[in-house]
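Structure, as structure tokens:
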Number of protein chains: 2
Amino acid sequence: MDVKTTCLGVLAKGEASGYEIRKHFEDGPFSHFAEGGFGSIYPALNRLTADGLIDCSQQAQDKRPDKKVYRLNDRGFDALLGALAQPPAEDRYKSDLLFMLFFADHLTPARLALLIDARIDFYRDKLDQMRNCAPTEPDGNATSDSLGPAFVHGFGMSVYQAALNYLETHKARLLDDVARAQNADAAE
Amino acid sequence: MDVKTTCLGVLAKGEASGYEIRKHFEDGPFSHFAEGGFGSIYPALNRLTADGLIDCSQQAQDKRPDKKVYRLNDRGFDALLGALAQPPAEDRYKSDLLFMLFFADHLTPARLALLIDARIDFYRDKLDQMRNCAPTEPDGNATSDSLGPAFVHGFGMSVYQAALNYLETHKARLLDDVARAQNADAAE
DNA sequence: CGTCGCATGTAACCAGTTACATGATTAA
DNA sequence: TTAATCATGTAACTGGTTACATGCGACG
């Protein structure tokens with residue numbers, strides 16, 4: 001599942017420019033399981049246009065480059081369905097932070113606290129942000145096409161919440177244990 | 001944080017061959033936040049040897065290629081500490097499954113069930129496997145160098161458990177809602 | 001006066017994946 | 001007999017990241 005397919009997915013939810021697509025990857029409902037920078041999105045969009053899966057309508061703007069708004073067409077929609085019918089690749093998760101914390105005994109408690117606090121803040125912000133863009137309508141009337149987004153949104157929040165809880169409840173203990181172990185070492 | 005650094009990390013916990021390192025990425029304590037296949041590990045190991053960060057002792061074996069066991073040396077350890085002192089890159093998580101579930105309204109309930117059940121099984125297996133290789137000693141005596149691994153291990157289990165719980169508790173509802181929405185559509 | 005947000009793109013680079021090459025042993 | 005485990009490696013590919021290029025408006 002490459003950037004091209006991901007773009008198809010974003011466009012299936014509504015027309016957008018390359019710039020807006022990237023925002024979806026960063027902040028929007030796709031942010032916790034997809035990624036892509038300008039350097040991959042713009043070429044992908046050009047490729048999809050050349051392949052006839054999306055249409056582009058140029059909108060002239062004052063003192064700015066033309067805004068190119070892309071819209072999924074029927075062939076593009078079929079291509080998306082095709083990707084959806086494929087067996088999914090395994091999730092991939094990579095974390096520098098966990099790698100570092102794995103070697104907690106080689107870090108000072110101060111640095112550990114810094115690293116963990118930064119991540120706690122990150123999760124708190126992320127959760128706040130997600131609470132403010134829940135995909136279900138305020139009146140509770142879920143439309144058929146918000147079922148998936150709502151499910152995925154809830155999944156993301158659960159996982160982030162679990163991560164946050166873990167860090168909050170185990171941080172002090174880790175700091176403590178590491179400090180004691182290092183004092184013991186120094187005393188030897 | 002590239003494969004070279006990750007290999008350094010694995011070797012800091014004990015000598016290993018390329019083959020064994022890959023197993024650590026797949027099953028071992030590094031499996032939930034690091035990855036790498038043979039095609040990246042072997043070149044990385046050769047590079048680290050050339051750079052003088054690890055030492056290699058060849059062990060002849062019957063009817064098999066020589067087993068090359070690598071060991072971290074002082075320079076390699078310093079390099080690891082250097083990497084640990086760097087600001088960590090953001091976590092990256094990519095999930096085909098979540099992307100697919102996002103478009104639940106375009107999938108049949110049968111396929112949704114298949115996808116979700118497969119993932120439920122995955123998390124159950126993973127959690128079982130993790131329970132059987134907890135980094136704390138059975139007697140509860142944590143050594144200083146198991147503090148980090150134990151913390152990271154606990155983190156991973158919490159997050160997997162949260163993901164599993166979510167899928168288990170919300171699966172039926174999603175299937176139901178999607179089926180109803182699709183029936184309504186067909187009736188129109 | 002700086003930097004963030006808007007807005008698009010290219011080119012070089014690089015890291016990692018995939019496929020290939022080899023081959024014995026053991027369990028299903 | 002088929003697949004998995006052990007065991008190492010190379011070469012081609014591919015995909016995405018990074019850095020560069022351009023430029024105005026708004027906010028602090």
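Everything numeric here is computed off the predicted structure, so don't read it as measured data. By convention in this document, chain letters (A, B, ...) are assigned in the order of the sequence lines, proteins followed by strands, and residues within each chain are numbered from 1.
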| task | Would you mind reading off the distance between H24(A) atom NE2 and dA7(C) atom C1', rounded to a whole angstrom? | result | 15 Å
| query | Which whole-number value in Å describes the distance from Y19(A) OH to dC24(D) P? | reply | 17 Å
| query | Atom CZ of R22(A) to atom P of dA7(C): distance rounded to whole Å? | reply | 13 Å
| Pairing residues for D27(B) by the salt bridge (Lys or Arg N to Asp or Glu O under 4.0 Å) criterion, not counting sequence neighbours | none
| task | Take atom NZ of K67(A) and atom C1' of dG5(C), then tell me their distance rounded to the nearest Å. | result | 12 Å
| query | Just checking, R22(A) and F25(A): is the charged tip under 6.0 Å from the six-membered ring centre and within 45° of the axis? | reply | no
| said: My understanding is that only residues two or more places apart in sequence, or in another chain, count here; which of them pass salt bridge (Lys or Arg N to Asp or Glu O under 4.0 Å) with R111(A)? | reply: none
| message | Rounded to whole Å, how long is the line connecting atom CD1 of I41(B) with atom C1' of dC6(D)? | response | 15 Å
| What integer distance in Å separates K23(B):NZ from dC6(D):C1'? | 8 Å
| Between H106(A) and F77(B), does the ring centroid distance fall short of 6.0 Å? | yes
| note | In this structure, CD of Q129(B) is separated from NE2 of H32(B) (nearest 0.5 Å) by 10.5 Å
| Interatomic distance, I21(B) CD1 vs dC6(D) P [rounded to whole Å] | 15 Å
| query | How would nucleotides 9-19 of chain D be written as a contact map, 5' to 3', with B for base contact, S for sugar-phosphate-only contact and - for no contact, using protein heavy atoms under 4.0 Å? | reply | BB-----SBB-
| field | Sole candidate of F38(B), Y42(B), Y70(B) that passes ring-ring contact (aromatic ring centres under 6.0 Å, His included) when paired with Y19(B) | value | F38(B)
